[in-house]
Amino acid sequence: MDYLQELWEVILNRVKNPREGSYTSKIAMKGKGYAARKVGEEAVEVIVAALEEGKDSLVYEAADLIYHLMVLLAISGVSWEEVVKELESRARHRGGGSAGSGG
Ligand SMILES: N=c1c2ncn([C@@H]3O[C@H](COP(=O)(O)OP(=O)(O)OP(=O)(O)O)[C@@H](O)[C@H]3O)c2ncn1[C@@H]1O[C@H](COP(=O)(O)O)[C@@H](O)[C@H]1O
């Protein structure tokens, strides 16, 4: 299992079975509006890191964004698998393989 799938399962579990001391459970208890705002904040931090800070900062902020996006998906009843399937279906419709030209 890849790490993103593993992380998704932990996040889903923390949302469904709130646990004391869990940051994920804390966000879930604050609700979807709060989780959505966190995604917005983290997205802005990714933009600032990409445009004004170094690579290390971009890696750090990108990880925060992916985590918070997963939390919002879990709270919204959308699964990580559905998002991955959507991406895979786009690749199929474009006739591309899993390795693009990049860019
Ligand atoms: N990957 C993450 C992860 N990435 C980022 N964060 C948290 O996201 C927050 C982002 O920082 P901010 O400064 O924006 O937020 P903050 O000021 O701490 O919090 P707010 O009061 O603004 O909500 C930090 O508190 C980080 O600890 C994460 N918290 C948890 N995980 C993983 O999620 C899983 C479940 O963790 P728990 O829910 O804590 O059990 C575990 O595998 C963790 O490693």
Side-chain angles (χ1 to χ4, degrees):
M1 188 193 302
D2 74 21
Y3 180 68
L4 286 180
Q5 184 62 36
E6 214 175 290
L7 177 62
W8 165 255
E9 286 175 17
V10 176
I11 287 170
L12 198 57
N13 185 267
R14 296 289 194 273
V15 169
K16 288 184 174 169
N17 308 296
R19 174 186 289 204
E20 207 175 321
S22 159
Y23 180 75
T24 312
S25 302
K26 188 186 101 178
I27 297 183
M29 282 186 282
K30 289 187 178 184
K32 198 197 281 193
Y34 184 82
R37 277 201 302 282
K38 289 302 293 183
V39 170
E41 273 175 32
E42 300 304 339
V44 169
E45 285 170 19
V46 165
I47 293 167
V48 172
L51 299 181
E52 294 175 12
E53 298 167 3
K55 185 179 166 186
D56 289 352
S57 178
L58 181 54
V59 168
Y60 187 91
E61 299 301 348
D64 266 357
L65 178 59
I66 290 169
Y67 162 77
H68 280 90
L69 177 60
M70 282 187 168
V71 176
L72 179 60
L73 292 172
I75 291 171
S76 304
V78 172
S79 75
W80 182 246
E81 290 84 352
E82 282 172 281
V83 176
V84 172
K85 273 190 190 143
E86 171 63 26
L87 289 169
E88 284 172 345
S89 120
R90 290 179 192 181
R92 273 198 305 279
H93 288 115
R94 285 163 189 256
S98 55
S101 56

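Whatever order the structure lists ligands and atoms in, that order sets their numbers, starting from 1.
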To the closest 0.5 Å, what do you measure between [atom1] ([X]) and [atom2] ([Y])?
{"X": "L4", "Y": "E9", "atom1": "CG", "atom2": "CD", "value": "11.5 Å"}
{"X": "K32", "Y": "R37", "atom1": "NZ", "atom2": "CZ", "value": "13.5 Å"}
{"X": "Y60", "Y": "L65", "atom1": "OH", "atom2": "CG", "value": "13.5 Å"}
{"X": "L72", "Y": "Y67", "atom1": "CG", "atom2": "OH", "value": "11.5 Å"}
{"X": "E52", "Y": "I47", "atom1": "CD", "atom2": "CD1", "value": "11.0 Å"}

If you measure from the Lys or Arg side-chain nitrogens to the Asp or Glu carboxylate oxygens, is any gap between E41 and K38 under 4.0 Å?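 Salt bridge flag = yes for K38 with E41.
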
Any carboxylate oxygen within less than 4.0 angstrom of a Lys/Arg side-chain nitrogen, looking at R90 and E86?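 Yes.
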
Between ligand 1 and [X], can you find any atom pair, the residue atom being a heavy atom, that is separated by under 4.0 Å?
{"X": "K30", "value": "no"}
{"X": "K38", "value": "yes"}
{"X": "R19", "value": "no"}

Protein non-hydrogen atom found under 4.0 Å from [atom]:
{"atom": "atom 39 (O) of ligand 1", "value": "yes"}
{"atom": "atom 17 (O) of ligand 1", "value": "no"}
{"atom": "atom 27 (O) of ligand 1", "value": "no"}
{"atom": "atom 44 (O) of ligand 1", "value": "no"}

Does some side-chain heavy atom of I11 sit less than 4.5 Å from a side-chain heavy atom of W80?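 Side chain of W80 against side chain of I11, heavy atoms only: no contact under 4.5 Å found.
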
So E42 and E45, do their side chains get closer than 4.5 Å, heavy atoms only?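 Touching, per the 4.5 Å side-chain cut-off.
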
Heavy-atom contacts under 4.0 Å between [X] and ligand 1: side chain, backbone, both, or neither?
{"X": "Y23", "result": "both"}
{"X": "T24", "result": "both"}
{"X": "Y34", "result": "side chain"}
{"X": "L7", "result": "side chain"}

Among all the protein's non-hydrogen atoms, which is closest to [atom], and how far away is it?
{"atom": "atom 10 (C) of ligand 1", "answer": "H68 CE1, 3.6 Å"}
{"atom": "atom 5 (C) of ligand 1", "answer": "D64 OD1, 3.1 Å"}
{"atom": "atom 34 (C) of ligand 1", "answer": "V10 CG1, 3.7 Å"}
{"atom": "atom 31 (N) of ligand 1", "answer": "Y67 CE1, 3.4 Å"}
{"atom": "atom 37 (P) of ligand 1", "answer": "S22 OG, 3.5 Å"}

Would you find a donor on one side and an acceptor on the other, under 3.5 Å apart, between the side chain of E61 and the backbone of L58?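 Answer holds: no.
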
Please report the C-alpha distance between K16 and L12 in whole Å, then the side-chain angles of each, then the deciding distance to 0.1 Å, and finally whether the side-chain contact (heavy atoms from CB on, under 4.5 Å) criterion is met. CA-CA 6 Å; K16 288 184 174 169; L12 198 57; 4.2 Å; yes

Taking 4.0 angstrom as the limit and counting only heavy atoms of K26, give me the atoms of ligand 1 inside it, by number and element.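 Contacts of ligand 1 toward K26, numbered from 1: 21 (O).
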
Do any N/O atoms on S25 end up under 3.5 angstrom from N/O atoms on ligand 1?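 S25 vs ligand 1: no N/O contact under 3.5 Å.
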
